[in-house]
Amino acid sequence: MGPDAERAVCADIEARRDEIVDLLSQLIAFDTTARPTADAPARDERRLQELLAGRLSAAGAVVDLWEPLPEDVAGTPMVPEPPAFHGRPQLAARFPGSGGGRSLMFNGHIDVVDAEPREDWTSDPHLAAVRDDLVFGRGACDMKGGIAAMVAAAEALARMGGQLAGDLTVCTVTDEESTGAGGLAAVRHGVRADAAIVTEPTGLDVWRACRGTLLPTVTVHGRPGHAGIPQRDWRDGGAVNAIERMLPLLDAMRRFQEDWRQRDGHRHDVLSPGEIVLCELNGGEWIVSYPARCTASWHLAYLPAHSEADGWAAGLRDEIEAAIASAAASDAWLVEHPPVVQWGSEVPAAEVPAGSPIVQLPLQAARELGRDARVGGLDNWHDGATFTRLGGTPSVCFGPGRIEAAHTVDEHVPVQDLVDVAKTLAVTALRFCADPVDRSR
Ligand SMILES: [Zn+2]
């Protein structure tokens, strides 16, 4: 092992640039558009996972390809309505180490966001095209490019034979773009390692932290009545305007955010502060009627410091409910007809210490390739947070392409990034899996 093995694996990957692009092109050709609803039928997810399972098995991995049951992902705030996984198997392919070293996982999601509006694309989003040393196609950077790079790295390591002391697992999941149910299913299935790299498009930076999300919706009920007819007091049966009764609650959420952001724990070196954004406001039924109902929904991004030991932000939920209840307490109608707070899917915040080997090793390896790699964070959630907070696997993101190209028309990834990420992953595995497990972490 040592520098010779690292040079050899990098030379092997360099010689297979075209193969990496071919694999990415194959992955892009599978339609794995994220499901819009829990009961939407599967597309090409199984075929894609079987392609990877076949390749990794041929390279020597012990392959586990399974369809989770809805109950496998039940019981957390992340997936309030557990979906079925028919046609959407999860994959964990483990290359057994020779023994005594730390285990490492590469993880990626195979689902992609819808390619609409297709007519705006320069070329077919599901038919990869290479122009100017960039691969174009839906999922090129988010994140089939990352998957192609991790598979290339694992195969190159396998061709060298027996270089890793610890196990290396390649794990690909579904349902990241919709709910996170695929990553959660993998965690619940027991897929874990001493650390993981999720190959989201970081532009070869190492993201060591992400924010979590809460989705509160508040519903206020009024009482309908003719808008053109003077109304009696509501106590005498008069109409009540649900939209107007909502307004003090919107103010209360604004005041809550101002107070919340003044507190300790709102500074993070690689994440933005927590933020509460009013995203939807719906009220009223008819142009000549007092609105009977008004709902408001917020997107609330919170920092790792705001979550509890179990990974979820129950304390923050309680504070929001208290702020709404307190604002409602000064309105006699709302006291008798309290606003209802409902919670959508929650995803956890997570972070890995900056000095961890899983942060420092890929950073160092990427810099040795001449890349200007830095430590950063992602303000939005990703599957790595599930592995970190719920699976006991400290996870960072490191991958090809830029997040700014994700979900865009003409999504693309540089071929050089694919090659450099594959090399960095392979070198990181050689270094990380060589060392014995440090249980003191
Ligand atoms: Zn992604």
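For ligands, and for the atoms within them, numbers begin at 1 and follow the listed sequence.
A ring-centre distance under 6.0 Å is found for W260 and H306.
A salt bridge links E346 to R317: one of the charged nitrogens lies within less than 4.0 Å of a carboxylate oxygen. By the 4.0 Å N-to-carboxylate-O rule, R43 lies close enough to D31 to be salt-bridged with it.
One side chain, Q49 or T172, offers a donor N or O that lies under 3.5 Å from an acceptor on the other.
Within the protein, the number of N, O or S atoms lying under 2.8 Å from the Zn ion (ligand 1) is 4.
Between the side chain of R267 and the backbone N or O of P273, no donor-acceptor pair lies under 3.5 Å.
What you find for F387 and V191 is that their closest heavy atoms are CE2-O, 4.0 Å.
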